[in-house]
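Being a predicted model, the structure only gives us computed values, none of them experimental.
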Amino acid sequence: QVQLAESGGGLVQAGDSLRLSCAASGRTFSNYAMGWFRQAPGKERESVAAINWGGSSTYYTDSVKGRFTISRDNAKNTVYLQMNSLKLEDTAVYYCAGSLRTLRRLWELGVGGIDYWGKGTLVTVSS
């Protein structure tokens, strides 16, 4: 089992920055590809960014490319999502997720490729 706990969400204005953190406990964190997903009201959960076990490869959904950065610190069992130039449409509950699959496979499968989920943290972007 892996337990994931997100933090760092909140209310910000459009154009602001926010950094989400996800602390992992349980099984060896470095064995997992990690991802951030989000779910806006009335919409399906979607993948936002993902990173491989070593932190050398990343994927991003098109809408956040150039604005968001995913990173991880395996010594601290933590994965981060730095979000810059936030837009109204970034408003959502953000979920941290872990997968034993490869990064590519995690990205291909999306929600279906996740083995462990955090409970989520709300990010609200206002105008």
Side-chain angles (χ1 to χ4, degrees):
Q1 280 281 13
V2 172
Q3 291 78 43
L4 303 173
E6 304 94 337
S7 62
L11 173 64
V12 296
Q13 291 189 323
D16 285 351
S17 297
L18 205 59
R19 188 175 83 156
L20 304 183
S21 298
C22 172
S25 60
R27 292 190 174 180
T28 306
F29 173 72
S30 59
N31 288 345
Y32 290 81
M34 298 297 296
W36 286 96
F37 291 70
R38 66 185 179 187
Q39 188 166 17
K43 295 188 176 181
E44 293 186 352
R45 192 171 299 189
E46 63 173 354
S47 51
V48 176
I51 190 167
N52 70 338
W53 66 271
S56 60
S57 296
T58 57
Y59 286 158
Y60 297 93
T61 193
D62 286 345
S63 63
V64 308
K65 284 180 181 177
R67 300 189 298 122
F68 290 11
T69 302
I70 187 171
S71 62
R72 67 190 294 164
D73 185 339
N74 287 343
K76 296 182 178 180
N77 287 354
T78 303
V79 63
Y80 305 96
L81 185 67
Q82 177 67 42
M83 305 185 294
N84 299 330
S85 302
L86 282 161
K87 302 178 180 180
L88 297 180
E89 53 263 40
D90 295 319
T91 294
V93 177
Y94 283 73
Y95 297 90
C96 177
S99 175
L100 284 169
R101 295 163 179 80
T102 63
L103 173 63
R104 179 186 294 272
R105 193 62 177 149
L106 182 164
W107 198 250
E108 290 174 347
L109 293 174
V111 171
I114 299 303
D115 296 296
Y116 299 103
W117 291 98
K119 294 183 178 181
T121 186
L122 177 62
V123 173
T124 304
V125 184
S126 66
S127 59

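With rounding to the nearest 0.5 angstrom, the CZ atom of Arg72 is 14.0 Å from the OG atom of Ser21. Note: Ser127 OG to Leu88 CG = 5.5 Å, rounded to the nearest 0.5 Å. In this structure, the separation between OG1 on Thr78 and CG on Leu20 is 12.5 Å, given to the nearest 0.5 Å. Interatomic distance, CG of Asn52 versus CH2 of Trp107, reported as 13.0 Å (0.5 Å rounding).
In this structure, the side chains of Arg67 and Tyr60 stay at 4.5 Å or more apart for every pair of heavy atoms. Counting only heavy atoms from C-beta outward, the side chains of Gln39 and Lys43 never approach each other to under 4.5 Å. Gln1 places a side-chain heavy atom less than 4.5 Å from the side chain of Tyr116. Using a 4.5 Å heavy-atom threshold, the side chains of Trp117 and Val111 count as touching. Side-chain contact between Trp36 and Val79 is present, with at least one heavy-atom pair separated by less than 4.5 Å. Taking the side chain as every heavy atom from C-beta outward, Ile114 and Phe37 approach each other to under 4.5 Å. Side-chain contact between Asp115 and Arg101 is present, with heavy atoms from C-beta onward closer than 4.5 Å.
A salt bridge is absent between Asp90 and Lys87; no separation between the charged side-chain nitrogens and carboxylate oxygens falls under 4.0 Å. Ion pairing of Lys119 with Glu6 is absent here, as no side-chain N (NZ or NE/NH1/NH2) approaches a carboxylate O to less than 4.0 Å.
In plain terms, the two heavy atoms of Thr58 and Ile51 that are nearest each other are CG2-CG1, 3.8 Å.
Within the structure, every pair that satisfies the disulfide bond (SG atoms under 2.5 Å apart) test and touches residues 85-127, not counting sequence neighbours, is listed here: Cys22-Cys96.
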Can Asn84 and Phe68 be said to form a side chain to side chain contact (heavy atoms under 4.5 Å, CB included), step by step? CA-CA 6 Å; Asn84 299 330; Phe68 290 11; 6.0 Å; no

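Arg38 pairs in a salt bridge (charged side-chain N to carboxylate O under 4.0 Å, His left out) with only one of the listed residues (Glu44, Glu46, Glu89), which is Glu46.
Not a single side-chain hydrogen bond (donor to acceptor under 3.5 Å, both in side chains) links Thr28 to another residue, sequence neighbours left out.
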